[in-house]
Amino acid sequence: MASSASPLSAGEDVPVSALSRAQLIDVLTDTVGDLSSLDLSLNTDGAEDARRLRAGLIAQIRDHVLPRLADADIPAIVVVGGSTGAGKSTLVNSVLRQEVSDAGVLRPTTRTPVLVVNPEDRESLADHPIAQVCVTVTSAAVPAGLALVDASDLDSVQETNRVLAARLLDAADLWLFVTTAARYGDQTPWASLEEAAGRETPIGIVLNRVPVKVLAEVRRDLIERLDALGLAESPFFVVPDAGPHEGMLPDASVSELRDWLQLLAGRHRAAGLVRRTGRGVWTGLRADLLTLADGVDAQDDAAARLEQASQHLLEAPSADLRADVERGTCAQGAPTTRWITLASSGGPLAPLAQGGKLRSGWFGRTGKARAAALSALAADVRESVASRLEAALVTVRDDAARTWREAGASARAGELLPTDADATAVVDAWAADQTARITTPPKGLTPQGAGDLLISAAAGIDGVRAAANRLGLGQAVTDAKTSLAQTLTDVLAAAVPAGAARALAPDPALAAALRLRAGELAPFTRPGATA
């Protein structure tokens with residue numbers, strides 16, 4: 001169906017898309033929302049470019065495309081931008097013959113951008129996103145239908161200024177690139193110029209502060225560079241070096257630039273500028289959405305690789321813990337030493353070691369001594385097992401932190417990789433559960449004593465295991481060993497939960513959605529198309 005009149009074009013509507021302007025606004029608003037929540041933190045080839053592209057897309061759609069779709073009456077926005085010390089503020093003041101922007105020798109002078117609008121246009125720009133980040137100045141010297149922005153420095157030492165400068169360029173209908181004989185080849189401003197040229201943003205060039213003796217050489221070199229960017233036909237202005245001075249430049253130095261801006265004045269002429277910008281915008285937006293969709297796919301692949309690497313970290317420590325339980329090495333050291341002492345001739349646990357019957361009950365002096373000895377033995381066992389578990393947890397956590405940091409995911413490791421497992425509490429809970437399973441303790445043992453005997457046998461003390469078998473606890477020991485191995489490896493696995501790394505990937509539907517929206521924009525890239 002034919003769309004309604006477009007602020008991005010002038011003249012007769014062309015039926016190009018099933019989307020009405022209102023629907024297109026909804027689509028692009030949703031796109032900004034999706035992009036704002038898109039996490040591209042994982043390190044991939046091109047990830048940094050994708051992050052910059054995402055930020056640029058958000059700014060361009062929010063600050064340029066949506067305002068134009070919503071209101072056809074807003075003026076064309078001319079952003080005066082360039083490197084530090086290029087003289088942008090002085091140039092703006094001189095063109096308008098009015099001090100609208102602070103200029104000085106301290107760098108960076110322009111900390112807050114200045115938006116200069118004709119009184120007729122102030123109301124239409126009042127709610128524009130750009131007005132929210134600029135100081136707005138009203139001046140009748142600005143032609144109606146145009147608004148000038150004295151932007152922050154592209155290469156400012158302050159990151160916030162650089163980010164703001166890039167955002168302003170994304171909102172521009174025309175970029176007036178201001179440079180000097182000494183700075184025109186600087187990397188950051190030139191990279192921004194390349195990007196703007198790639199988006200087909202209309203660009204004017206101002207070569208400022210040029211000494212006469214180098215004018216011919218600098219101009220020739222700069223034009224060759226511009227030609228390589230496809231900007232050979234861009235308006236080109238030279239402002240001679242005025243030498244040390246205060247205030248505005250001589251009027252003759254900027255009259256040509258002022259006359260050119262006046263040629264853009266008037267609603268119909270400014271609309272033509274917007275139309276030329278719009279043709280490049282749709283093409284650039286579509287290409288950028290497709291590129292970003294590829295970036296989303298790359299994040300998904302990176303999350304899958306990180307998931308595999310994270311789970312691999314568990315394999316060796318888990319196998320070692322299971323082997324410790326199976327071989328009985330969890331009880332080596334203090335538990336085994338205590339057993340030898342307590343089970344020696346005359347010790348409270350000697351009858352257990354020697355295979356004799358426990359003739360006395362648990363309530364007598366001998367029984368109480370036996371219970372106390374088993375309790376001390378079990379305490380050593382629990383401490384030893386907990387120590388082995390804690391060591392394995394530390395290893396896995398350290399390896400996981402390093403792996404996630406190298407993958408660019410350290411910021412979310414605290415959220416997705418738990419660090420609150422208490423090895424002592426885990427082992428104590430396991431021991432209590434095993435004790436609770438003994439409903440009928442062997443004669444001569446308290447229920448707790450039988451449980452202490454059981455967990456000491458399950459940990460691998462040979463003499464205790466033999467005693468437990470003689471007392472009819474053999475199957476319970478086997479079950480307790482199985483439970484211990486499972487408990488330890490489960491706690492270890494919980495330190496790097498399965499699926500945690502996969503959760504770092506963007507919603508898999510987002511890549512498809514970005515490609516779908518790029519397809520919906522395709523009709524607007526055709527010659528003569530309107531939104």
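The first residue of the sequence shown is numbered 1, and numbering continues consecutively from there. Keep in mind that the numbers below use all heavy atoms, side chains included, and drop hydrogens, waters and symmetry copies.
- Residues D173 and P75 come closest through the heavy atom pair OD2-O, 4.1 Å.
- With respect to D39, the salt bridge (charged side-chain N to carboxylate O under 4.0 Å, His left out) criterion is satisfied by exactly one of R412, R54, R51: R412.
- Around CD of E48, the count of heavy atoms belonging to other residues, nucleotides or ligands within 6.0 Å exceeds 12.
- Formation of a donor-acceptor pair under 3.5 Å by the S192 side chain with backbone atoms of T188 is found in this model.
- For the residue pair A151 and V79, the shortest heavy atom distance occurs at CB-CG1, 3.8 Å.
- Under the 3.5 Å distance criterion, the side-chain polar atoms of Q132 are matched with a main-chain donor or acceptor of A126.
- Formation of a donor-acceptor pair under 3.5 Å by the N43 side chain with backbone atoms of E406 is found in this model.
- Residues R97 and S94 come closest through the heavy atom pair CD-O, 2.8 Å.
- Between F177 and W190, the ring planes lie perpendicular to each other; the angle is over 60°, past the 30° to 60° tilted range.
- For the residue pair N208 and T180, no side-chain donor N or O sits within less than 3.5 Å of a side-chain acceptor on the partner.
- Distance alone, capped at 3.5 Å, places no donor-acceptor pair between the D150 side chain and the P113 backbone.
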Give the intermediate values and the outcome of side chain to side chain contact (heavy atoms under 4.5 Å, CB included) for residues R515 and L289. CA-CA 7 Å; R515 291 188 175 98; L289 287 173; over 6 Å; no
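- Counting non-hydrogen atoms of neighbouring residues, nucleotides and ligands closer than 6.0 angstrom, the CG atom of D49 exceeds 12 such neighbours.
- Put simply, the side chain of R258 gets close to the backbone of V95: a donor and an acceptor are under 3.5 Å apart.
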Side chain to side chain contact (heavy atoms under 4.5 Å, CB included) evaluation trace for V135 with L115: CA-CA 6 Å; V135 173; L115 171 65; over 6 Å; no
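- Residue L257 holds its CG atom at 5.5 Å from CG of L91, rounded to the nearest 0.5 Å.
- Put simply, the side chain of D170 does not reach to within 4.5 Å of the side chain of D63, judged on heavy atoms.
- The number of heavy-atom neighbours closer than 6.0 Å to CD of E194, taken from other residues, nucleotides and ligands shown, is above 12.
- Summarising the geometry of A140 relative to N118, their closest heavy-atom pair is O-ND2, 3.8 Å, with the distance given to 0.1 Å.
- With rounding to the nearest 0.5 angstrom, the NE2 atom of H312 is 10.0 Å from the CG atom of L314.
- With salt bridges taken as basic N to acidic carboxylate O contacts below 4.0 Å, none links R305 and D300.
- Using a 4.5 Å heavy-atom threshold, the side chains of V149 and V80 count as separate.
- A 4.5 Å side-chain heavy-atom check between V117 and V142 finds every atom pair outside the cut-off.
- Taking a cutoff of 4.0 Å between a charged side-chain nitrogen and a carboxylate oxygen, D241 and K213 do not qualify as a salt bridge.
- Interatomic distance, L504 CG to E415 CD, rounded to the nearest 0.5 Å: 8.5 Å.
- L38 has its side chain within reach of L40: a pair of non-hydrogen atoms, C-beta onward, lies under 4.5 Å apart.
- In this structure, the side chains of W404 and S310 come closer than 4.5 Å at one or more pairs of heavy atoms.
- Crowding of Q187 atom CD: a count of heavy atoms from other residues, nucleotides or ligands under 6.0 Å not exceeding 12.
- T179 pairs in a side-chain contact (heavy atoms from CB on, under 4.5 Å) with only one of the listed residues (L207, D186, V206), which is L207.
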Please test W282 against V65 for side chain to side chain contact (heavy atoms under 4.5 Å, CB included), starting from the C-alpha separation and ending with a verdict. CA-CA 9 Å; W282 294 121; V65 178; 3.8 Å; yes
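- Each of R162, R183, K88 was compared with D153 under the salt bridge (charged side-chain N to carboxylate O under 4.0 Å, His left out) criterion, and only K88 meets it.
- The shortest distance between side-chain heavy atoms of T90 and M248 does not fall below 4.5 Å.
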Given the rule in the side chain to side chain contact (heavy atoms under 4.5 Å, CB included) test, do I25 and T29 qualify, once you have shown the distances and angles that lead to the verdict? CA-CA 6 Å; I25 289 174; T29 300; 3.9 Å; yes
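- Counting only distance, with no hydrogens or angles, the side chain of Q299 and the backbone of A505 share no donor-acceptor pair below 3.5 Å.
- Between L193 and L231 the shortest side-chain heavy-atom distance falls below 4.5 Å.
- For CD of E315, the number of neighbouring non-hydrogen atoms (other residues, nucleotides, ligands) closer than 6.0 Å is greater than 12.
- Put simply, the side chain of S36 reaches to within 4.5 Å of the side chain of I58, judged on heavy atoms.
- Residue E123 qualifies as open at atom CD: its count of foreign heavy atoms under 6.0 Å is 12 or below.
- Under a 3.5 Å cut-off, the side chain of D507 and the backbone N or O of A509 do form a donor-acceptor pair.
- Considering all non-hydrogen atoms of both residues, S124 and I74 come closest at O-CG2, 3.4 Å.
- Between the side chain of R209 and the backbone N or O of A181, no donor-acceptor pair lies under 3.5 Å.
- Rounded to the nearest 0.5 angstrom, I77 CD1 and L125 CG are separated by 6.0 Å.
- Heavy-atom minimum distance, A298 versus T44: O-CG2, 3.6 Å.
- The backbone N or O of A518 lies less than 3.5 Å from a partner atom in the side chain of R286, making a donor-acceptor pair.
- A distance of 9.0 Å separates OG1 of T31 from CG of L285, quoted to the nearest 0.5 Å.
- If you take CG on L226 and CD on E233, they are separated by 11.0 Å, rounding to the nearest 0.5 Å.
- Residue D259 qualifies as enclosed at atom CG: its count of foreign heavy atoms under 6.0 Å is above 12.
- Under the 4.0 Å criterion applied to side-chain N and carboxylate O atoms, E520 and R517 are not assigned as salt-bridge partners.
- Within the 3.5 Å criterion, the main-chain N or O of L249 finds no donor-acceptor partner in the side chain of S253.
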